[in-house]
Amino acid sequence: MEIEDVYGEEKLKNSLHYRTDTFASVYMENMSDDTFKVKDLPNMAQLSNLNDMLIRDFNDDGALDVLAIGNLYVSEMETPRNDEGTGVLLLGDGKGYFTAKRGSKIEFYAAKGAKKIISLTNGQKDYALVGNNDDELQFFEIEKN
């Protein structure tokens with residue numbers, strides 16, 4: 001089935017059209033001169049859309065890292081599910097480049113329709129709470145190095 005079969009050629013001709021140069025998830029660095037430097041995130045961050053991020057220094061190296069979540073299960077008829085995300089940890093080098101880790105390497109598995117992530121602290125322990133669309137919350141302990 002083609003998109004014309006779903007909407008009809010006339011409706012498509014008269015519809016609002018957007019154009020993009022990329023669908024990649026990117027890192028944008030403000031160069032403080034009214035310009036931005038744009039870099040694609042690693043391939044492991046491109047497996048699904050990213051809906052939310054927790055930003056902090058996860059490996060205590062002095063550079064900010066990103067724990068990102070995503071997926072999109074409720075898509076339009078002409079769009080397939082976007083569901084390969086399990087959460088990805090992007091370890092930053094402080095210069096705008098990231099190394100990606102996921103799955104058992106980070107003991108974090110948020111493979112549902114993850115929409116929101118927040119951090120919680122209870123005493124000396126840190127946690128990540130993941131809100132999933134039309135599903136249960138997930139709760140992960142963030143290990144300190």
- prompt: So do I142 and R56 actually touch side chain to side chain, heavy atoms under 4.5 Å?
  reply: yes
task: Kindly give the heavy-atom pair with the smallest separation between R102 and G85, and that separation in Å.
output: NH2-C, 4.4 Å
message: Less than 4.0 angstrom from a charged side-chain N to a carboxylate O is my criterion; do D83 and K112 meet it?
response: no
task: Would you indicate whether the side-chain heavy atoms of K37 and N30 approach each other to under 4.5 Å?
output: no
message: Looking at N43, I want to see if its CG is surrounded by more than 12 non-hydrogen atoms of other residues, nucleotides or ligands under 6.0 Å.
response: no
statement: Output for pair (N82 CG, F23 CZ), nearest 0.5 Å, gives 11.0 Å
message: Are the side chains of L12 and I3 in contact, using a 4.5 Å heavy-atom criterion?
response: yes
message: Using modelled atom types and a 3.5 Å cut-off, is there a donor and acceptor pairing between side-chain atoms of E143 and backbone atoms of D126?
response: no
- prompt: Can you hop from M53 to F140 via hydrophobic side chains spaced under 4.5 Å?
  reply: no
query: If you round to the nearest 0.5 Å, how far is OG1 of T86 from CG of N71?
result: 8.0 Å
query: So, does Q46 use its side chain to make a donor-acceptor pair with the main chain of S25 at under 3.5 Å?
result: yes
message: Distance check, rounded to the nearest 0.5 Å: N59 atom CG versus I106 atom CD1?
response: 12.0 Å
task: Assess the pair Y127 and F139: is the distance between their ring centroids shorter than 6.0 Å?
output: yes
statement: Closest heavy-atom pair, V130 versus A114, reported as atoms and distance to 0.1 Å, is CG1-CB, 3.8 Å
query: Any sub-3.5 Å donor-acceptor pair from D57's side-chain atoms to G62's backbone N or O?
result: yes
query: Considering residues, nucleotides and ligands other than E107, do more than 12 of their heavy atoms fall under 6.0 Å from its CD?
result: no
- prompt: Is there a side-chain contact between K125 and E141 (heavy atoms, below 4.5 Å)?
  reply: yes
- request: Verify the cluster assignment for M44 and Y27: are they in a single hydrophobic cluster under the rule of side-chain heavy atoms below 4.5 Å apart?
  value: yes
- prompt: With side chains defined as the heavy atoms from C-beta onward, is the minimum distance between I117 and L67 less than 4.5 Å?
  reply: yes
message: Using side-chain heavy atoms (C-beta onward) and a distance below 4.5 Å, is Y97 in contact with K39?
response: yes
field: Donor-acceptor contact below 3.5 Å, side chain D65 vs main chain G92
entry: yes
L120 CG to N122 CG distance, which is reported to the nearest 0.5 Å: 9.0 Å
task: Classify the side-chain pair D135/N133 by whether it contains a donor and acceptor separated by less than 3.5 Å.
output: no
task: Compare all side-chain heavy atoms of I69 with those of F108 and state whether any distance is below 4.5 angstrom.
output: yes
field: Same cluster (ILVMFWY, side-chain, under 4.5 Å), V88 and L64
entry: yes
message: Could you check whether any side-chain heavy atom of V38 comes within less than 4.5 Å of a side-chain heavy atom of T22, counting everything from C-beta outward?
response: no
query: Between V66 and L41, is there a shared hydrophobic cluster once you connect ILVMFWY residues whose side-chain heavy atoms come closer than 4.5 Å?
result: yes
- line: Looking only at heavy atoms, the pair that brings A100 and P42 closest together is CB-CB, 3.9 Å
message: Would you compute the distance between atom CG of D134 and atom NZ of K115 and round it to the nearest 0.5 angstrom?
response: 9.5 Å
field: Chi angles and distances behind the side-chain hydrogen bond (donor to acceptor under 3.5 Å, both in side chains) call for E136, N132
entry: CA-CA 6 Å; E136 61 191 18; N132 296 297; over 6 Å; no
field: Partner of I118 under side chain to side chain contact (heavy atoms under 4.5 Å, CB included), chosen from L54, D52, L129
entry: L129
- prompt: Between D33 and T35, do the side chains contain an N or O donor and an N or O acceptor separated by less than 3.5 Å?
  reply: yes
- prompt: Does one hydrophobic cluster hold both V26 and F36, with members joined at side-chain heavy-atom distances below 4.5 Å?
  reply: yes
